[in-house]
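Since the structure comes first, as C-alpha cells, the remarks are kept for the end.
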Amino acid sequence: ANFEKLVEIQEALRAGYAASVVGAYGRERAKNERVLDGLISASRAFVREGTLLKACRSSTKPFRFWLFDDCLLYGTPLRLPAGAYTLSHAIDLRHCRVAPYEEHAGGGAGDGALPGPAFELLSSEKCFIAIAPSVEARDAWVREIDETIVAYIARLHAADGANGGG
C-alpha cells in the first residue's frame, strides 16, 4: 500500500509539473526534478496528507501537504488536470521544528488575523505558518510532524552508529 501511495503522489506531482506552462527555472526546476525522480524509494514511508492554508505575504492560499518519514512536500493545486499539483517545496525533516502558532498582537500573515488554528514549521530551508480547518486537525498535524521528526533523527543516529560514526 505504501508503494502505491508513493506512485499516486508522484503521478499527481508529475502531472502538475508537465501541465505547468510557467514553471520553476534553473536550479529550482532541477531540484524539483530530483525530488520527483527520488520520491519512490523502498526506504521512504508515507505518513499523512491533507490540504491546509498557507499564510503568504498578503493572503492565505490552499496547498496540498504530503508528510513522509523523511520529508514534507507541499504543492499548489491546478485546475486542470484534476488532481494535479505543482510542487512548491520539499523540506528535509532533519533540521525542522513544528509548534502550534499563537498569534501575536499585530503579528501574523497579512493583517495578523489568521482564519483558523495554525502551526508554524521552522526549518533551515523554509519557515511558514499553515492553517488547519480545526484545532483537532492542527494538533494532529503538529503531533505527527513532531513524532516523524523525532523518529527520523533517531533512525539517522542509529544508522550513523551502525556505520561507526558518532
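Note that the coordinates shown come from a computational prediction; the quantities given were computed from them, not determined experimentally.
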About how many Å separate [atom2] of [Y] and [atom1] of [X], when rounded to the nearest 0.5 Å?
X: I149; Y: D92; atom1: CD1; atom2: CG; value: 10.0 Å
X: L121; Y: D146; atom1: CG; atom2: CG; value: 10.5 Å
X: E102; Y: L114; atom1: CD; atom2: CG; value: 11.0 Å
X: L122; Y: I129; atom1: CG; atom2: CD1; value: 9.0 Å
X: F119; Y: I145; atom1: CZ; atom2: CD1; value: 4.0 Å
X: E49; Y: E8; atom1: CD; atom2: CD; value: 6.0 Å

Is [X] linked to [Y] within one hydrophobic cluster, defined over Ile, Leu, Val, Met, Phe, Trp and Tyr using a side-chain heavy-atom separation of less than 4.5 Å?
X: W66; Y: Y152; value: no
X: Y101; Y: L53; value: yes
X: V150; Y: I153; value: no

Are [X] and [Y] close enough that some pair of their side-chain heavy atoms sits under 4.5 Å apart?
X: F128; Y: F63; answer: no
X: I91; Y: C96; answer: yes
X: R48; Y: W141; answer: yes
X: T76; Y: K61; answer: no
X: R44; Y: C71; answer: yes
X: R155; Y: D69; answer: yes

May I have the step-by-step check of salt bridge (charged side-chain N to carboxylate O under 4.0 Å, His left out) for E11 and R14, ending in yes or no? CA-CA 5 Å; E11 288 175 355; R14 281 212 187 279; over 6 Å; no
For [X] against [Y], the heavy-atom pair lying closest together:
X: A132; Y: L52; result: CA-CD2, 3.8 Å
X: V135; Y: P117; result: N-CG, 3.3 Å
X: K126; Y: Y74; result: CE-OH, 3.1 Å
X: A99; Y: V142; result: C-CG2, 4.2 Å

Does atom CZ (R97) have a neighbourhood of more than 12 heavy atoms from anything else shown, all under 6.0 Å?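 12 or below, so no.
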Parallel, tilted or perpendicular: rings of F68 and F46 (30°, 60°):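 F46 and F68: perpendicular rings.
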Using side-chain contact (heavy atoms from CB on, under 4.5 Å) as the criterion, point out the one residue from L67, L36, L87 that pairs with L73.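 Output: one option passes, namely L87.
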Any sub-3.5 Å donor-acceptor pair from R64's side-chain atoms to P77's backbone N or O?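 No; zero donor-acceptor contacts below 3.5 Å.
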